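Notes follow once the structure below has been shown.
No experiment lies behind these values; they were computed from the predicted model shown. FYI, side chains are in, hydrogens and waters are out, and symmetry mates aren't considered; it's all heavy atoms of this structure.
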Amino acid sequence: MNLAESLRPLTLSDVIGNTHITKPLLKQLETGTLSQSLLLHGSFGTGKTTIVRCLATALNADVTELDCGSDGGIDKIRSLVVDSSRYSSLVAPKKLFVLDEVHQLSAAAFTALLKTLS
């Protein structure tokens, strides 16, 4: 484990800064009104993945990460997102899909992803 991983916060309350993101998420968790999907954007190193991992901890959720920049074809989206979203998790009650570099998805992969979300 490197230094950045050892210092990474584990809960949304532990995140320093980014209150414009963590505060609404904590409120949604308290009231049980969490959105179906979230879009986090920003420069490299701003804490997007950390916030998602903290959210997964709060939800006791499985996290599936996909780097669409290097592996964003239709076959990968179908196998990872579409097929795995059909079945409930045996370990956790919820699933989180993190799609990094989603703008690099192929058109067919993006269509398959949208069909899953609808």
Side-chain angles (χ1 to χ4, degrees):
M1 180 182 303
N2 64 28
L3 181 62
E5 289 176 351
S6 66
L7 297 176
R8 179 175 278 156
L10 300 176
T11 66
L12 287 170
S13 301
D14 294 339
V15 174
I16 298 172
N18 287 327
T19 55
H20 63 287
I21 300 169
T22 56
K23 198 172 180 180
L25 286 177
L26 286 168
K27 184 68 171 176
Q28 288 178 14
L29 287 170
E30 286 175 15
T31 59
T33 59
L34 190 64
S35 302
Q36 177 183 350
S37 60
L38 299 170
L39 174 64
L40 300 178
H41 67 92
S43 302
F44 175 78
T46 56
K48 299 176 296 289
T49 303
T50 298
I51 288 172
V52 170
R53 289 182 180 169
C54 291
L55 182 60
T57 301
L59 293 172
N60 189 25
D62 285 340
V63 178
T64 303
E65 293 188 44
L66 175 64
D67 181 13
C68 299
S70 61
D71 209 8
I74 182 69
D75 295 331
K76 188 65 174 183
I77 290 293
R78 278 191 184 136
S79 67
L80 189 64
V81 179
V82 177
D83 293 341
S84 67
S85 67
R86 290 182 183 164
Y87 308 106
S88 62
S89 173
L90 296 175
V91 180
K94 299 200 182 264
K95 293 182 182 183
L96 283 174
F97 294 100
V98 178
L99 303 174
D100 194 20
E101 301 291 331
V102 73
H103 65 279
Q104 294 186 1
L105 281 177
S106 67
F110 197 74
T111 302
L113 179 63
L114 288 177
K115 286 181 181 179
T116 304
L117 296 176
S118 61

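For the atom pair Asp62 CG and Phe97 CZ, the distance stands at 9.0 Å (nearest 0.5 Å). A distance of 8.5 Å separates OG1 in Thr33 from NZ in Lys27, rounded to the nearest 0.5 Å. With values rounded to the nearest 0.5 angstrom, Leu26 atom CG is found 12.0 Å from Ile21 atom CD1. Note that the CD1 atom of Ile74 and the OG1 atom of Thr111 stand 7.5 Å from one another [nearest 0.5 Å].
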Could you go through Leu29 and Leu59, starting from their C-alpha distance and side-chain angles, then the distance that decides it, and tell me whether this counts as side-chain contact (heavy atoms from CB on, under 4.5 Å)?
CA-CA 8 Å; Leu29 287 170; Leu59 293 172; 3.6 Å; yes
Please assess Asp14 against Cys54 for the test side-chain contact (heavy atoms from CB on, under 4.5 Å), listing each intermediate value before the final yes or no.
CA-CA 9 Å; Asp14 294 339; Cys54 291; over 6 Å; no
Please report the C-alpha distance between Leu25 and Leu34 in whole Å, then the side-chain angles of each, then the deciding distance to 0.1 Å, and finally whether the side-chain contact (heavy atoms from CB on, under 4.5 Å) criterion is met.
CA-CA 7 Å; Leu25 286 177; Leu34 190 64; 4.0 Å; yes
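Among all heavy-atom pairs drawn from Thr19 and Pro24, the shortest one is O-CD, 3.6 Å. Taking both residues in full, the closest heavy atoms of Cys68 and Glu101 are given as CB-O, 3.3 Å, listed atom of the first, atom of the second, then distance.
Note on Leu10 and Leu55: separate hydrophobic clusters, where clusters join Ile, Leu, Val, Met, Phe, Trp and Tyr whose side-chain heavy atoms are under 4.5 Å apart, directly or indirectly.
Not a single donor-acceptor pair under 3.5 Å links the side chain of Asn18 to the backbone N or O of Lys48. Checked by atom type and distance alone, the side chain of Ser106 pairs as donor or acceptor with a backbone atom of Ala109 at under 3.5 Å.
His41 NE2: 12 or fewer foreign heavy atoms inside a 6.0 Å radius.
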